[in-house]
Colleague: 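Once you've had a glance at the structure underneath, I'll fire off some questions.
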2 protein chains.
Amino acid sequence: MTGGTPTPRKATRRDVARLAGVSDAVVSYTLNGTAPVAATTAERVLAAVEQLGYRPNQAARALRSGSADTLAFLVPSSSDPVFTNPFFGEYASTLEAAARDRGYALYTTATSFHPDEVLARFREFAARQIDGVLVLAGDTPLDSTALDRVGLPWIALNVATRERGVASLGTDLRAGAVATTTHLLEHGHGSVGFVGQDDPSEPRYIGWLQACAAAGVPAGPFVAAEVTRPGGRDAGHRIVDDRAADPGRAPRAFFVASDRTAVGVLRAFHERGIRVPEDIAIASFDGSSEAEYAWPGLTTFRQPVDEMARSAVTRLLATDRDHAHELFPGELVLRRSCGCPDAGR
Amino acid sequence: MTGGTPTPRKATRRDVARLAGVSDAVVSYTLNGTAPVAATTAERVLAAVEQLGYRPNQAARALRSGSADTLAFLVPSSSDPVFTNPFFGEYASTLEAAARDRGYALYTTATSFHPDEVLARFREFAARQIDGVLVLAGDTPLDSTALDRVGLPWIALNVATRERGVASLGTDLRAGAVATTTHLLEHGHGSVGFVGQDDPSEPRYIGWLQACAAAGVPAGPFVAAEVTRPGGRDAGHRIVDDRAADPGRAPRAFFVASDRTAVGVLRAFHERGIRVPEDIAIASFDGSSEAEYAWPGLTTFRQPVDEMARSAVTRLLATDRDHAHELFPGELVLRRSCGCPDAGR
DNA sequence: TTGAAAGCGATACCAT
DNA sequence: ATGGTATCGCTTTCAA
């Protein structure tokens, strides 16, 4: 048994109209401001609304108007536990705030990023009269043609490179990698290695190469790693092993492609007694809170998640939607892992 | 400009009916199994659905049936960034899977836990024909009477103690604290201190006291700390300061009430050169992935989030809802921070 | 400024 | 087994 008080039937617009002595339409006008209403009439309506505790039925509204006043936020439920993604949290809060500011609710859902499933989710959203979809892109490419066919506006977040016909945005990873690598080089570490995905077209990889070239030093070793903590730990172990095998040319610094990965690398170094930054310096990418509380604190290139999230909502809701790829600058946050003195935290 | 192909008007139930040469009702019967339909007719209907790419309009369905086939998951957006809560992620994935298994979508939203706002969100959910609410309780108590009045079934997750009239569940914190503290004592640390909220009625606090009493040792010092990383760091600094002031009776071990807090404590210890577990041993609570990748790995009492999430959905959707408080056992995960040898990870 | 009434798309009751 | 049709609660012409 529910055990609660027997809920009185919910008040509808009609009840309000009757109590206020006006027609259904006027209630609607008053509440939505869709037509001018005499001040005294409005007052009576509002009083009736208050007295009855009336709340418009959103399903009816959605049916009639074709909009549920809701945005969906689709996040990947990949190998590393979904929502555990450090970014996800920041994105979600800001998106939710931004959406709310504009009168929309935000519907956050996880999905595997198999193209079929993404498409299925889009269809489901359409059926629910969702107004737009924010997609936190994983590495999986999206079938934009199929998604567009669903007829829902959507925008991809956290995207590295422009893709034809897709509205997207993301941090300028290449520029960030250049800044971070350059900083590492300025510490005089001689050469800087790279830990990250094995993908020559990846902007962070490219930026790393560019920074090394610009400094006139040979690029340090490339160490392939999955962008997860276990992946980083693994890579860390390999780095330590290589170092043991050939101490002479062992690199003194690494640019690690993500905070998550760096946490794993750090872990591996601790396990093997490698001191950071004394033996090997590290700088990573993302600027999540993991970087702050790692030991030592991780120097990291912060992605401007807040701004990106706000822009995403704005663009998604814009009437003149574009298919541009918007690139955001980030900023380097200095901590001890790169060799900088630890400034407080 | 959206630039896409002009979307053809969405097919409705009526289009399907016409194409299949049946009435609207039969389409409904076929799709929902609400009435017997001849096999050949069903086939024609299904074919029409397929051909038209028909998807029932959920808003209409919700309006008519009073159910949106959707559950809401309300998480606190407190000081520590919302979704960053280590538990949130695990809960969200499992809840979503469990809901989906039963044909419901899950709507995840953050809110401050000011009673007024929670109530407002409940009302909003009701207006959207949401079928039930899963509340990830923060420390804030909920006004169950007010919430019940909204008429939505709901259940509180992550709850420590039974409260009259509230359906809830949570880990047996007290038992976990006993197990964890006892383990610490078995390492022969002499006495064990406690780092956590300043609340004598808190089950982890009580469990800590009980374990000390049972072992016949005086309870070590109590160090108040907010349940956040900064809070833990703060507490850690105080511990180190006290230790410096009176090295003689400095405690050798601490039970820390959450992984988050412990990460902060660890950070403080690192900053001050205190070795864990050699100088001070630590064990914490939650069993999140932060504990695994901390250095040293944190011994922690794992909460069975998955089971709790599944049970929550089951109970929320049960026809005979109860107001019980369901307590789940957890398990101690041993790592190096307590003094155990590090077993692999 | 206000009211009457026509739908939005689906469900389910009542006939047949 | 199948078909008409009232109805869910709201928005929005169109007239008054």
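Because the structure is predicted, anything quoted here is derived from the model rather than measured. All values below come from the heavy atoms of this structure, side chains included, with hydrogens, waters and symmetry mates left out. In what follows, every chain begins at residue 1, and chains take the letters A, B, ... in the order their sequences are listed.
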Colleague: Would you indicate which nucleotide in C:dG9, C:dA4, D:dT5 comes nearest to any side-chain atom of B:Ala60?
Modeller: C:dG9

Colleague: Got a list of side-chain donor-acceptor pairs under 3.5 Å for residues 33-41 of chain B, not counting sequence neighbours?
Modeller:
none

Colleague: For A:Arg61, which contact category applies under a 4.0 Å heavy-atom criterion: base, sugar-phosphate, or nothing?
Modeller: sugar-phosphate

Colleague: Could you tell me which residues satisfy salt bridge (Lys or Arg N to Asp or Glu O under 4.0 Å) with A:Arg18, sequence neighbours excluded, listed by chain and number?
Modeller: none

Colleague: At a heavy-atom distance below 4.0 Å, what parts of residues 47-57 of chain B sit against DNA chain C?
Modeller: B:Tyr54, B:Arg55, B:Pro56, B:Asn57

Colleague: Using atom types as modelled, flag every donor-acceptor pair under 3.5 Å from a side chain in residues 58-68 of chain B to any protein atom, sequence neighbours excluded.
Modeller:
residue, atom, partner, partner atom, Å
B:Arg61, NH2, B:Asn32, OD1, 3.1
B:Ser65, OG, B:Arg61, O, 2.7
B:Ser65, OG, B:Ser67, N, 3.4
B:Ser65, OG, B:Ser67, O, 3.4
B:Ser67, OG, B:Asp69, N, 3.0
B:Ser67, OG, B:Asp69, OD1, 3.2
B:Ser67, OG, B:Asp131, OD1, 2.8
B:Ser67, OG, B:Asp131, OD2, 3.2

Colleague: Just how large is the angle between the end axes of the helix from C:dT1-D:dA16 to C:dT16-D:dA1, five pairs per end, to 10 degrees?
Modeller: 30°

Colleague: B:Leu119: which residues meet the side-chain contact (heavy atoms from CB on, under 4.5 Å) condition with it, sequence neighbours left out?
Modeller: B:Arg123, B:Ala146, B:Leu147, B:Val150

Colleague: Quick one: list whatever passes salt bridge (Lys or Arg N to Asp or Glu O under 4.0 Å) with B:Arg14, sequence neighbours left out.
Modeller: B:Asp24

Colleague: With salt bridge (charged side-chain N to carboxylate O under 4.0 Å, His left out) as the criterion, how do B:Glu307 and B:Arg310 come out once you've worked through the C-alpha distance, each side chain's angles and the decisive distance to 0.1 Å?
Modeller: CA-CA 5 Å; B:Glu307 291 105 282; B:Arg310 294 221 158 254; over 6 Å; no

Colleague: Once ring-ring contact (aromatic ring centres under 6.0 Å, His included) is applied, do any residues pair with B:Phe73, and if so which ones, sequence neighbours excluded?
Modeller: B:Phe88

Colleague: For residues 163-171 of chain A, which side-chain N or O atoms pair as donor and acceptor with protein atoms under 3.5 Å away, sequence neighbours left out?
Modeller:
residue, atom, partner, partner atom, Å
A:Ser168, OG, A:His325, ND1, 2.7
A:Thr171, OG1, A:Gln303, OE1, 2.5

Colleague: Quick check on contacts: within residues 27-39 of chain B, what sits under 4.0 Å from DNA chain D by heavy-atom distance?
Modeller: B:Tyr29, B:Pro36, B:Val37, B:Ala38

Colleague: Which residues satisfy the salt bridge (Lys or Arg N to Asp or Glu O under 4.0 Å) test with A:Arg162, sequence neighbours excluded?
Modeller: none

Colleague: Which residue pairs pass the salt bridge (Lys or Arg N to Asp or Glu O under 4.0 Å) test with at least one member in residues 35-56 of chain A, sequence neighbours excluded?
Modeller: none

